[in-house]
Amino acid sequence: MDKAYEPHSIEQRWYAFWEQNGHFAASGEGAPYCIMIPPPNVTGSLHMGHAFQDTIMDALIRYHRMQGDNTLWQAGTDHAGIATQMVVERQLLAEGKSRHDLGREKFIERVWEWKGQSGGHITRQLRRMGASLDWSRERFTMDEGLSSAVREVFVRLHEEGLIYRGKRLVNWDPVLHTAVSDLEVISEEEQGYLWHMRYPLSDGSGHLVVATTRPETMLGDSAVAVHPEDERYKHLVGRTITLPLVGREIPIIADDYVDPAFGTGCVKITPAHDFNDYQVGLRHDLPQINVFTIDARINDEAPEQYRGLDRYEARDEIVHDLKELELIEKIEDHKLMVPRGDRSHSVIEPFLTDQWYVKVAPLAAEAIKVVEDGRIRFVPDNWKNTYFDWMRKIEDWCISRQIWWGHRIPAWYDEAGNVYVGRDEAEVRAKHNLGDTPLTQDEDVLDTWFSSALWPFSTLGWPEQTPELKSFYPTSVLVTGFDIIFFWVARMIMMGLKFMGDVPFREVYIHGLVRDAHGQKMSKSKGNVLDPIDLIDGIDLESLVQKRTTGLMQPEMAKKIEKATRKEFPDGIPAFGTDALRFTFAALASTGRDINFDLGRIEGYRNYCNKLWNAARYVLMNTEGMDCGQGGGEIEYSLADRWIRSRLQETVREVNESIQGYRFDHAAQAIYEFTWSEYCDWYLELSKPVLTGDASDAAKRGTRQTLVQVLETLLRLAHPVMPFITEEIWQRVGPLAGAEGDTLMRQPYPQANAAQVNSAAETEMGWVMEFIVGVRKIRSGMNIPPGKPLPVLLENHRDEDRERLARNATFLERLARTESITLLAEGEESPESATALVGEMRLLVPMAGLIDKAAELARLSKEIDKLAGEVERGRKKLENENFTARAPAEVVQKERDKLAEMEASLNSLREQKGKIERM
RNA sequence: GGGUGCUUAGCUCAGCUGGGAGAGCGUCGCCCUUACAAGGCGAGGGUCGGGGGUUCAAGUCCCUCAGCACCCACCA
């Protein structure tokens with residue numbers, strides 16, 4: 001093995017090996033365990049959120065696979081309608097063309113081309129992450145099978161009346177020229193104005209003042225509303241005003257919707273351009289007057305002078321014209337929520353169009369029930385409240401999009417405009433006896449999330465009743481971010497229940513967002529994005545700056561971003577390797593919280609990989625080609641052997657428990673702690689005196705066997721989190737430990753074995769450690785070089801201490817670097833010494849020539865003060881009768897034991913201090 | 001306007017059903033001891049956001065205030 005850990009040289013080799021040997025496929029044996037990958041955009045690339053999420057899923061999948069479950073991680077990608085179409089349109093724009101120049105068919109061809117060209121990118125990146133997805137089953141939301149599932153669901157829902165077409169007010173994106181769902185609209189507070197406009201009464205007897213944030217919509221006003229109880233206006237209800245600039249006579253109506261306290265208490269009602277007004281309009285049977293084109297320009301319904309103007313130009317004109325007519329009473333500053341499209345970021349316009357809808361209420365009712373009764377469990381649990389809140393007030397889902405890339409709606413129209421829904425045109429003709437009547441298919445496509453909602457069963461072959469569907473549905477757990485609970489999770493639950501009659505997954509693990517080191521959201525515009533692949537492979541500063549400053553929406557930010565980047569990464573980013581990255585994600589993955597990704601953390605875990613690597617080198621150095629007890633032969637285990645085996649069991653138990661509870665941070669912590677602080681810091685050191693000393697063959701065999709077996713178990717234990725380094729090492733360590741098979745990823749996952757827990761060994765080892773640490777502290781406190789052997793005297797020892805000393809002398813001599821260890825008889829004079837306690841035994845290092853008396857006194861005083869404080873606290877507690885009477889007996893007893901122990905130590909230290917002072 | 005989460009060492013965070021404040025990184029000191037300087041050994045550092053309550057006992061439970069973050073919502 002190389003002296004230093006080089007992730008680059010091992011990772012891709014092992015991935016290829018696993019994939020080529022079919023190790024990612026479900027075994028077909030054992031209890032089914034299945035995770036559906038949230039399909040990434042087919043033409044996208046991997047970001048930190050993916051990397052985090054995929055690490056968690058892969059850890060779960062590898063864990064269950066090793067547990068012997070029939071494990072499937074379903075691979076696939078999403079066509080991402082609007083997002084992908086936008087990318088291709090941007091490419092066309094660069095060629096000076098629009099999609100309309102190409103026409104629908106050519107444009108779609110072009111998107112498929114782009115998919116073919118870039119579609120493998122993200123799946124290659126997933127491979128770099130070590131994700132053990134079953135690629136042989138990879139699906140795409142627009143492949144033939146999934147498309148037919150989409151049509152099937154559409155037709156069946158339509159037959160049941162759960163899909164309908166209707167003219168309604170929708171969220172319209174005037175840049176993308178498509179409707180979007182409520183969820184795709186992001187409202188942000190922006191500074192605006194409140195215009196107070198005078199609307200003259202038709203009879204010339206005066207005017208009303210209406211307040212609005214959108215004066216241009218007045219062209220479509222069809223009423224003015226006041227509150228029915230509003231004394232100021234009650235008498236005007238039923239009369240009319242004449243709409244300025246337009247001349248239309250419109251009624252004054254009374255409606256509860258109006259808040260008399262806001263503005264003037266009079267509201268202009270524009271049913272075709274405002275969601276509230278739309279409802280008011282329905283209640284009062286008002287005309288819906290649409291004054292916009294699909295570009296949000298003024299259409300021909302409006303007076304001639306405004307036609308063709310953009311909505312904001314029209315606003316200026318109208319305000320100007322009203323001012324001329326002295327119809328603007330005042331203009332106030334006003335903060336308002338502006339709705340913007342999440343993709344185009346353009347201001348969304350409520351717009352009257354024909355669209356397709358899913359009637360969700362009946363589906364939602366079932367979907368609420370399964371979470372209420374625990375058939376689906378959210379982790380962490382509190383996310384179910386978010387889910388309920390949304391589901392209980394859910395509105396119908398607008399599923400049609402006026403774009404080209406996606407599943408075309410399976411509906412056809414005859415020349416009279418009648419609509420027929422069916423799986424294909426032939427079916428429609430046959431079913432409705434249409435003969436040769438010319439039919440045209442609906443131009444719209446479905447919302448991308450419509451096909452995503454079917455993902456848990458469509459990927460398994462539905463509507464065919466496949467064996468996969470039978471084995472793996474319902475799937476085990478869904479791992480996803482909170483941001484798509486509504487978009488995706490809720491809809492999968494509804495569709496799964498509807499078409500499979502069962503939940504799509506039993507648990508939903510919701511993870512947090514990956515932020516930068518300072519808790520800022522990563523975004524291109526902030527220039528703080530980290531690319532997981534750069535963390536794996538490393539990137540030099542110039543390339544990183546280049547990457548962060550090209551393609552910015554606001555190029556003026558480039559300077560600032562460059563400066564910040566140069567400051568934060570003066571040497572670029574070193575290559576940390578996939579395992580370190582994965583370990584970092586696992587270690588940061590505490591209960592659903594956002595995680596701040598700190599380079600210090602990944603560096604620490606890269607160091608951990610190196611530590612493991614070197615530990616393995618040491619083990620191999622001392623075991624390869626040697627007798628590790630594989631062939632039988634007498635075996636004797638040292639205290640250290642028994643101790644590390646015992647500690648390993650505790651670690652195994654903890655890791656299993658943690659993974660089962662989705663506490664990857666605890667699992668990572670336990671693995672890290674065991675490897676570094678126990679196996680490396682203590683056990684490997686303790687193995688040295690056995691292996692290099694004059695221990696018996698049986699003892700050497702015992703230690704070699706323990707070195708190898710514990711390491712092999714540790715590799716299996718850590719494999720789900722760090723698959724590459726563990727596989728690389730296991731290939732050499734596995735055989736020494738008697739393991740069979742060509743890969744670690746198919747080995748059994750360690751299970752805790754209570755029989756190997758050895759509390760006697762742990763206690764005695766505790767004594768040994770106390771002894772060694774005691775000497776080290778004296779050494780460090782007195783500035784004695786680590787290499788200098790020290791004489792040690794022991795005072796106030798009991799039988800047990802003497803026995804332990806005899807059994808473990810070689811360990812103590814080596815690790816404490818003693819020159820000699822001498823037992824002092826009771827009452828025997830001891831020289832001036834520095835002291836440490838091992839239980840009640842005093843460990844003395846004579847000062848002669850070594851130790852500064854003042855320093856030792858200071859050291860003792862400090863320790864005495866600390867201990868005295870604790871003793872005082874313990875005493876007070878025990879003197880409190882309320883405590884002794886009311887606290888559980890065991891707690892009180894524990895407190896008493898503790899106090900006694902501390903008092904003994906305190907006395908011992910004081911005695912020693914006195915002795916030194918007297919000398 | 002509703003709702004959720006967070007506030008613990010200089011930084012990033014653990015701390016499960018209430019019973020002796022922890023880790024990593026950073027800092028300081030001593031060491032190139034033949035697995036590892038991406039390392040070893042040791043040290044320092046916190047009135048657990050403020051206030052109140054329950055309890056023998058509160059970082060942990062309850063109330064309240066403050067700050068931060070996010071989600072939802074039709075006040076023109």
Side-chain angles (χ1 to χ4, degrees), chain A residues 1 3-5 187 194 210-214 217 225 257-259 261-270 274-280 334 336-337 350 380 382-383 385-386 389-390 393 482-483 485-486 512-513 515 517-519 521 574 580 587-588 590-601 603-622 657 661 663 665-666 669 672-673 677 680-681 684-685 688 692 773 776-781 783-787 817 870 873-874 877 880-888 890-892 894-895 898 902:
Chain A
M1 280 169 81
K3 184 168 174 182
Y5 161 65
S187 286
L194 195 58
V210 298
T212 182
T213 54
R214 302 206 51 198
T217 64
Y257 154 68
V258 180
D259 174 2
F262 185 87
T264 60
C266 300
V267 186
K268 60 189 275 304
I269 301 296
T270 323
D274 182 282
F275 287 101
N276 291 312
D277 294 6
Y278 181 77
Q279 294 300 328
V280 174
H334 184 71
L336 73 163
M337 298 298 278
N382 54 293
W383 285 109
N385 298 320
T386 306
D389 285 348
W390 188 68
K393 54 169 203 222
F482 59 85
D483 49 330
I485 290 178
F486 307 144
L513 209 65
R515 298 168 174 279
H518 315 289
K521 216 164 163 170
L588 292 173
S590 54
T591 51
R593 283 182 57 153
D594 287 354
I595 63 176
N596 294 352
F597 197 91
D598 184 1
L599 278 203
R601 237 19 222 264
E603 192 185 340
Y605 294 125
R606 190 269 321 261
N607 294 354
Y608 168 74
C609 291
N610 188 52
K611 188 76 177 174
L612 180 62
W613 182 262
N614 281 294
R617 282 179 59 226
Y618 170 80
V619 171
L620 289 170
M621 219 176 269
N622 285 287
E657 207 176 279
R663 289 306 303 262
D665 56 333
H666 288 171
Q669 173 83 11
Y672 183 98
E673 191 73 20
S677 310
C680 291
D681 285 351
L684 294 192
E685 293 308 319
K688 289 173 186 174
T692 60
V773 170
R776 284 175 180 170
K777 278 185 179 168
I778 291 172
R779 205 185 278 281
S780 175
N783 261 332
I784 302 165
R817 292 248 172 183
E870 281 177 50
R873 233 179 45 191
K877 199 166 185 180
N880 181 351
E881 279 178 32
N882 275 327
F883 173 68
T884 47
R886 300 204 196 187
E890 75 222 43
V891 173
V892 176
K894 202 171 145 195
E895 202 65 32
K898 202 169 74 190
M902 288 191 303

Is any side-chain N or O of [X] closer than 4.0 Å to OP1 or OP2 of [N]?
X	N	value
A:N385	B:G3	no
A:R593	B:U12	no
A:S780	B:A43	no
A:R817	B:G40	no
A:K877	B:G19	no
A:N596	B:C13	yes

Among [options], find the nucleotide with the atom closest to the side chain of [X].
X	options	result
A:K898	B:A38, B:G20, B:A35	B:G20
A:Y5	B:A23, B:A37, B:A38	B:A38
A:F883	B:U4, B:U12, B:G19	B:G19
A:R606	B:A38, B:G19, B:A23	B:A38
A:R617	B:G42, B:A35, B:G15	B:A35

When you compare [N] with [M], how far apart are their [atom1] atoms, in angstrom units rounded to a whole number?
N	M	atom1	value
B:G18	B:C65	C1'	24 Å
B:A9	B:C41	P	26 Å
B:C36	B:G19	P	43 Å
B:U4	B:U17	C1'	23 Å
B:C25	B:G44	C1'	16 Å
B:G24	B:C32	P	24 Å
B:C31	B:A58	C1'	44 Å
B:C63	B:U55	C1'	16 Å

Nearest-nucleotide 5' precedence on RNA chain B, A:N622 against A:R663: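 The residue closer to the strand's 5' end, by nearest nucleotide, is A:R663.
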Earlier contact from the 5' end, RNA chain B, for A:D389 and A:L588: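 Upstream on the strand: A:D389.
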Base, sugar-phosphate or nothing for [X]? Non-hydrogen atoms, less than 4.0 Å.
X	value
A:C680	base
A:Q279	nothing
A:E685	base
A:A517	sugar-phosphate
A:H518	nothing

Atom [atom1] of [X] to atom [atom2] of [N]: distance rounded to whole Å?
X	N	atom1	atom2	result
A:K611	B:A35	NZ	C1'	8 Å
A:L612	B:A35	CG	P	16 Å
A:R776	B:A43	CZ	P	11 Å
A:I595	B:A23	CD1	P	22 Å
A:I784	B:A43	CD1	C1'	16 Å
A:N882	B:G19	CG	C1'	15 Å
A:R873	B:G19	CZ	C1'	12 Å
A:K777	B:A43	NZ	P	5 Å

Backbone of [Y] reached by a side-chain donor or acceptor of [X] within 3.5 Å:
X	Y	answer
A:D274	A:D277	yes
A:R593	A:G512	no
A:R617	A:L612	no
A:T884	A:E881	yes

Neighbour count above 12 (heavy atom, 6.0 Å) for A:K688 NZ: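 For A:K688, atom NZ is crowded (more than 12 foreign heavy atoms under 6.0 Å).
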Residue list, side-chain contact (heavy atoms from CB on, under 4.5 Å) with A:R601, at least two apart or on another chain: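 side-chain contact (heavy atoms from CB on, under 4.5 Å) check on A:R601 returns A:T584, A:A587, A:L588, A:D598, A:Y605.
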Test: A:E895 and A:K898 ion pair at under 4.0 Å: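 Judged by the 4.0 Å cut-off on N to carboxylate O distance, A:E895 and A:K898 do form a salt bridge.
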Paired stretches of RNA chain B - 3 or more consecutive Watson-Crick or G-U pairs, each distance under 3.5 Å: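 Stems found: B:1-7 with B:66-72, B:10-13 with B:22-25, B:27-31 with B:39-43, B:49-53 with B:61-65.
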Shortest non-hydrogen contact between A:K3 and A:N614, atoms and distance: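 Reported closest heavy-atom pair: O-OD1, 3.1 Å.
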Nearest-0.5 Å distance, CG of residue A:D594 to CZ of residue A:R515: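 The CZ atom of A:R515 is 4.5 Å from CG of A:D594, to the nearest 0.5 Å.
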Pair A:V267-A:F262, side-chain contact (heavy atoms from CB on, under 4.5 Å): steps then yes or no: CA-CA 10 Å; A:V267 186; A:F262 185 87; over 6 Å; no
Per-nucleotide protein contact string for nucleotides 68-76 of chain B, where B marks a base within reach and S marks sugar-phosphate only (heavy atoms under 4.0 Å, - for neither): -S--SBBBB
Stepwise side-chain contact (heavy atoms from CB on, under 4.5 Å) check, A:W383 with A:I485: CA-CA 9 Å; A:W383 285 109; A:I485 290 178; 3.7 Å; yes
Trace of the side-chain contact (heavy atoms from CB on, under 4.5 Å) decision for A:F883 with A:V891: CA-CA 10 Å; A:F883 173 68; A:V891 173; 4.1 Å; yes
